[in-house]
There are 2 protein chains.
Amino acid sequence: MKFHRIPDETVRRLPIYLRGLLLLAEQGREHVSSHELADILHIKGPQIRKDLSYFGEFGTPGVGYGTKELSDCLRDILNLNCPHKVALVGYGNLGAAILRYSGFRSYGLKITAIFENNPRKIGRIVQNIRIQDVKEISSLKRKKIELAILAIPAESAREVTERLEQAGILGILNFAPSYCIDARSKVKIITIDIGMDLARLPYYLPIKAEIAG
Amino acid sequence: MKFHRIPDETVRRLPIYLRGLLLLAEQGREHVSSHELADILHIKGPQIRKDLSYFGEFGTPGVGYGTKELSDCLRDILNLNCPHKVALVGYGNLGAAILRYSGFRSYGLKITAIFENNPRKIGRIVQNIRIQDVKEISSLKRKKIELAILAIPAESAREVTERLEQAGILGILNFAPSYCIDARSKVKIITIDIGMDLARLPYYLPIKAEIAG
DNA sequence: GTCCGTTTGTGAATGAGAACTCAAGCACTA
DNA sequence: TAGTGCTTGAGTTCTCATTCACAAACGGAC
């Protein structure tokens, strides 16, 4: 294994591999070949092998990958071994849904702080967490929280992002449109834009009004 | 403009262009250059021009693109001119949040049917829509609904997807893990996997425990 | 009507990622 | 110890996407 820059797409797939392996390990499987994993995850075998080879040699020829070993390694690579505290900014419909979403916990990610704009929500306690004023975001530095989920309207996204950055946040999962956020920010931002994804779905409907050229 | 296969990535960006243009038109801007649009949307100018050139010639040299004209054309291309009814499957935390999300409406997309598994929710009326049993999904054919949003647990994703397909659904916005869904389905499926996106965020944290090679 | 500054549309060049292929390696058998 | 059947790891090829660069086109000034 030589040194290589690791493609973004590879990193994007690592959590998928991890989930598949955990599933198999749960079922009692000790080994799995890249070919079988490919069938399960709908990702081609060579793709899986190449992705993994960027990080080391985890498999044994003739046998495959140890489900337990490889999932442990992937946890290490993804930095999911130590638990991470996450701040949730915005407790509207989406924020509330995310707080209640349980899928994060198995990866050691836990929401431990919530911030809101709306004075009527500030002070309320949900899931044992007191909702704080957005102005108190700076307190995150003290609490050593490095990750945040941004579930607020587009208008305030830029300002809040800057505030998070100043509070020492290093990674953001952002649900606001990506253009709302300062492009030259040093923080790693992963954007999920549900509206955009739904808006391009009708494009694929077969009965399509062609536009004049 | 010669005939070209249109790249997926281009289609993915079209709604972004549309949103930017609508924003500018609202502000009273009549024209915009690709360079200015690039600054706003954080997408390079040549990229924008090339993307648009796949569909026709919308701009005038020396002037730029008409905000109104181009946004109308993009609406046509994206098939967002006629209103679309959307079925929401799964009325848990996420489903409820999506129902209340208003961003869809400006694109002519409206949720007009809701399905659930949980007998305690079936029959309830939310936003003037009666929650139906998942078993009644076949009724979508009669109602001429072609799009669906899937906000259900991973376990039932495969079965429900098949049901949707049989009911004539042609496009799905899916929030379950992508491997849960039959890969050889003919329906267009766009998957959003929030858990996966959050799980790879810690990878980018600078203090990273390197794994042994 | 002509010149000038600006902006488009697009072929060509570059870059990134996916897929293919196969030599090398391991388990198992005898 | 040698042979067989799988499976990995990685160099090569191929496909797709982005960026560059420039000729052609337009508005406005004079």
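A, B, ... follow the sequence lines: proteins, then strands. Residue 1 opens every chain.
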Practice item. Grab the CZ-P distance between F55(B) and dG9(C) for me, whole Å please. Key: 13 Å
Practice item. Would you indicate which nucleotide in dA19(C), dG9(D), dC26(C) comes nearest to any side-chain atom of R49(A)? Key: dG9(D)
Review point. How close or far is atom C1' of dT8(D) from atom CZ of F58(A), stated in whole angstroms?
Key: 13 Å
Study note, to complete from the structure: Considering only heavy side-chain atoms of Q47(A), the closest of dG9(C), dA18(C), dT18(D) is dA18(C)
Exercise for review: Return the nearest nucleotide to the side chain of P61(B); candidates are dT8(C), dG17(C), dC20(C).
Suggested key: dT8(C)
Review point. CD1 of I43(A) versus P of dA19(C): gap in Å, rounded?
Key: 10 Å
Check your understanding: Any donor and acceptor pair, going by atom type alone, linking the side chain of N79(B) with main-chain N or O of P202(A) inside 3.5 Å?
Key -> yes
**Study point:** First encountered from the 5' end of DNA chain C, between V63(A) and D51(A)
**Key:** D51(A)
Practice item. Would you indicate whether K188(B), at its atom NZ, is surrounded by more than 12 heavy atoms from other residues, nucleotides or ligands within a distance under 6.0 Å? Key: yes
Exercise for review: Write down the distance between CG (L52(B)) and P (dT19(D)), rounded to a whole number of angstrom.
Suggested key: 15 Å
Check your understanding: Can you find a side chain N or O atom of Y65(B) that sits less than 4.0 Å from OP1 or OP2 on dG9(C)?
Key -> yes
Check your understanding: Is a salt bridge present between D8(B) and R12(B), judged by a nitrogen-to-oxygen distance below 4.0 Å?
Key -> no
Practice item. Please state how far atom CZ in R5(B) lies from atom P in dT15(D), giving the value in whole angstrom units. Key: 12 Å
Practice item. Starting at atom CD of E57(B), determine the distance to atom P of dA23(D), rounded to an integer number of angstrom. Key: 18 Å
Practice item. For K50(A), answer base if it contacts any base atom (sugar-phosphate contacts may also be present), sugar-phosphate if it contacts only those atoms, and nothing otherwise; contact means non-hydrogen atoms under 4.0 Å. Key: base
Exercise for review: Go through dC20(D), dA17(D), dT7(D) for me and flag the one nearest to the D8(B) side chain.
Suggested key: dA17(D)
Review point. Base, sugar-phosphate, or nothing: which does P7(B) touch, judged by heavy atoms less than 4.0 Å apart?
Key: sugar-phosphate
Revision key, fill the gap. Checking dT21(C), dA18(C), dT18(D) against the side chain of R13(B) (C-beta onward), the nearest is dT18(D)
Review point. Can you check the H35(A) NE2 to dT8(D) P distance for me, whole Å?
Key: 10 Å
Check your understanding: Can you pull the side-chain hydrogen bond (donor to acceptor under 3.5 Å, both in side chains) pairs that have at least one residue in residues 151-162 of chain B, sequence neighbours excluded?
Key -> E159(B)-R163(B)
Point to revise | Under 3.5 Å: donor-acceptor pair, side chain of K50(A), backbone of T10(A) | key: no
Review point. How is S34(A) classified with respect to the nucleic acid when contacts are heavy atoms under 4.0 Å: base, sugar-phosphate, or nothing?
Key: sugar-phosphate
Revision key, fill the gap. When rounded to whole Å, the CD1 to P distance for the pair I48(A) and dG17(C) reads 18 Å
